[in-house]
J.: 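Before we start, here is the structure in question, set down as structure tokens.
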Amino acid sequence: MLRFDPTTLPESTAALRSQVREFLAAQGASLGVRNSDFTTGHDPEFSRKLGERGWIGMTWPSEYGGGERTFFDRYVVTEELLAAGVPVSAHWIADRQSGPLMLRFGTDEQKARYLPAITRGESYFSIGMSEPGSGSDLASVRTTAKREGDGWLVNGTKLWSTDAHRNHYMVALVRTEPPSENRHAGLSQVLVDLRNDGASIRPIRNIAGGEDFNEVVFEDVLLPLDRVVGEPGNGWQQVTSELAYERSGPERFLSAFRVLVEFVRAAGHDPNPAEAALIGRATSHLLALRRMSISVAGMLENGASPEVEAALVKALGNDFEKLLP
Ligand SMILES: Cc1cc2nc3c(=O)[nH]c(=O)nc-3n(C[C@H](O)[C@H](O)[C@H](O)COP(=O)(O)OP(=O)(O)OC[C@H]3O[C@@H](n4cnc5c(N)ncnc54)[C@H](O)[C@@H]3O)c2cc1C
């Protein structure tokens with residue numbers, strides 16, 4: 001059953017919001033053109049500054065460099081960074097989903113090895129789910145990892161891997177057992193060192209000439225045994241949990257926020273009726289989506305797993321990001 005309890009951000013978050021705004025104002029023009037789509041600005045120096053402020057891994061345990069703060073605090077920082085349109089893509093996936101995935105399913109050794117560098121804003125992750133022929137139907141992935149001596153031998157191709165040519169690691173969904181009647185069985189997640197394991201990374205040029213996506217090809221790439229995240233065979237449960245983290249934030253409905261800001265600026269203090277109606281329509285959608293997203297943050301804070309609610313906010317957010325331009 002769908003449930004969005006009305007949730008208000010705690011008063012304590014107001015001071016944090018001011019801190020983020022002051023910090024961003026102090027960065028001045030160094031942050032380039034503002035764009036609220038989190039995938040657009042890969043700026044390791046800025047990610048490191050956010051790490052220093054404690055704004056990466058905010059809810060994680062302190063033993064791994066986390067801030068042990070609430071999901072409301074994390075929501076406020078996320079919202080401010082996206083609304084301001086600053087370059088956050090370098091650390092975003094690691095903070096939002098790869099780190100939480102490892103915290104939940106990884107071994108103690110994996111947590112100790114990978115998480116602190118993420119919270120410092122120094123270690124960046126890509127998502128290795130899609131393949132040629134496997135998109136929405138993710139369980140159809142064909143990349144395999146087979147036990148070979150002291151490791152896992154990986155073969156196959158991942159597609160649309162955002163920033164794999166800039167990031168350090170990829171968490172790849174692979175088949176570790178042959179397909180069976182239960183299509184969700186026999187899948188695992190493996191950690192790939194994108195710079196050192198020998199996978200070939202080929203950028204895909206987009207229509208505007210930019211290179212953000214990649215094809216990542218594995219030809220007999222041998223990974224050490226300890227690169228399986230969690231349990232071999234548990235990949236489906238893990239990947240769905242990872243997708244819940246991906247969907248739980250305000251990324252989609254804020255991605256085109258700067259378009260709305262510029263439109264309001266251009267319409268000025270005395271918008272004509274058509275402009276006023278557009279601003280009203282867009283703003284009311286935005287406020288409804290925001291309340292739903294804060295409700296999801298509240299459910300996460302209470303230890304619930306609002307997977308369907310989070311997916312709904314992402315789907316409606318996708319509609320909104322198309323409506324705005
Ligand atoms: C900006 C961006 C960044 C991305 N970054 C990454 C990344 O870093 N890593 C990664 O792994 N992937 C990434 N992707 C890939 C993305 O997750 C896939 O594109 C997505 O899973 C959809 O797969 P597909 O493109 O193959 O479309 P398809 O699965 O082929 O779907 C095509 C169309 O058919 C519809 N459709 C599919 N199945 C059904 C069905 N059963 N019933 C009804 N309709 C259906 C879909 O809704 C869609 O409209 C990225 C995509 C985008 C847009």
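Ligands are counted one by one from 1 in listed order, and the atoms in each one are counted from 1 as well.
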J.: Ignoring hydrogens, tell whether any protein atom lies closer than 4.0 Å to atom 35 (C) of ligand 1; use the non-hydrogen atoms only.
T.: no
J.: Look at atom 37 (C) of ligand 1 and say which protein heavy atom is nearest, naming residue and atom and giving the distance to 0.1 Å.
T.: S136 OG, 3.6 Å
J.: Identify the closest protein heavy atom to atom 12 (N) of ligand 1: which residue and atom is it, and at what distance?
T.: S130 OG, 2.8 Å
J.: May I ask whether atom 15 (C) of ligand 1 is less than 4.0 Å from at least one protein heavy atom?
T.: yes
J.: Please say yes or no: joined through hydrophobic side-chain contacts below 4.5 Å, possibly via intermediate residues, are L191 and V154 part of one cluster?
T.: no
J.: With atom 20 (C) of ligand 1 as the reference point, say which of G128, G135, P132, S134 has the nearest heavy atom.
T.: G135
J.: Report the relative orientation of the aromatic rings in F125 and Y169; use parallel for angles under 30°, tilted for 30 to 60°, perpendicular for over 60°.
T.: tilted
J.: Do I294 and F320 belong together in a cluster built from hydrophobic side chains that touch within less than 4.5 Å?
T.: yes
J.: Could you tell me whether F213 and ligand 1 have an N or O pair separated by under 3.5 Å?
T.: no
J.: Please check this pair: side chain of S89 against backbone of G41, looking for a donor-acceptor N/O pair closer than 3.5 Å.
T.: yes
J.: Answer yes if a protein heavy atom lies under 4.0 Å from atom 23 (O) of ligand 1, otherwise answer no.
T.: yes
J.: Could you tell me whether R3 and E309 have a side-chain N and a carboxylate O separated by less than 4.0 Å?
T.: no
J.: Is there a path from Y245 to M292 through hydrophobic residues (I, L, V, M, F, W, Y) whose side chains come within less than 4.5 Å of each other?
T.: no
J.: With sequence neighbours excluded, what pairs up with S47 under the side chain to side chain contact (heavy atoms under 4.5 Å, CB included) test?
T.: A90, H91, Y124
J.: Answer yes or no: is there a donor N or O on one side and an acceptor on the other, between the side chain of T40 and the main chain of S36, under 3.5 Å?
T.: no
J.: Do protein heavy atoms approach atom 30 (O) of ligand 1 to less than 4.0 Å?
T.: no
J.: Is the number of heavy atoms from other residues, nucleotides or ligands within 6.0 Å of CZ (R147) greater than 12?
T.: yes
J.: What's the shortest distance from atom 8 (O) of ligand 1 to any protein heavy atom, and which residue and atom give it?
T.: T162 N, 2.9 Å
J.: Check side chain to side chain contact (heavy atoms under 4.5 Å, CB included) between V308 and all other residues, then give those that pass, not counting sequence neighbours.
T.: L2
J.: Is the shortest distance from atom 2 (C) of ligand 1 to a protein heavy atom below 4.0 Å?
T.: yes
J.: Establish whether atom 47 (O) of ligand 1 and some protein heavy atom are separated by less than 4.0 angstrom.
T.: no
J.: Check this for me: does any side-chain nitrogen of one of R48 and E45 sit under 4.0 Å from a carboxylate oxygen of the other?
T.: no
J.: Do you see a protein non-hydrogen atom under 4.0 Å from atom 51 (C) of ligand 1?
T.: no
J.: May I ask you to list the atoms of ligand 1 that are less than 4.0 angstrom from any heavy atom of I127?
T.: 7 (C), 8 (O), 9 (N), 10 (C), 11 (O)
J.: Check contact between S161 and ligand 1, using heavy atoms of the residue and a distance below 4.0 angstrom.
T.: yes
J.: Any N/O of W160 closer than 3.5 Å to an N/O of ligand 1?
T.: yes
J.: Is at least one protein non-hydrogen atom found at under 4.0 angstrom from atom 43 (C) of ligand 1?
T.: no
J.: Would you check the N or O atoms of D137, main chain and side chain alike, for any that come under 3.5 Å of an N or O of ligand 1?
T.: no
J.: Which of the atoms of ligand 1 are close to M129, meaning less than 4.0 Å from one of its heavy atoms?
T.: 11 (O)
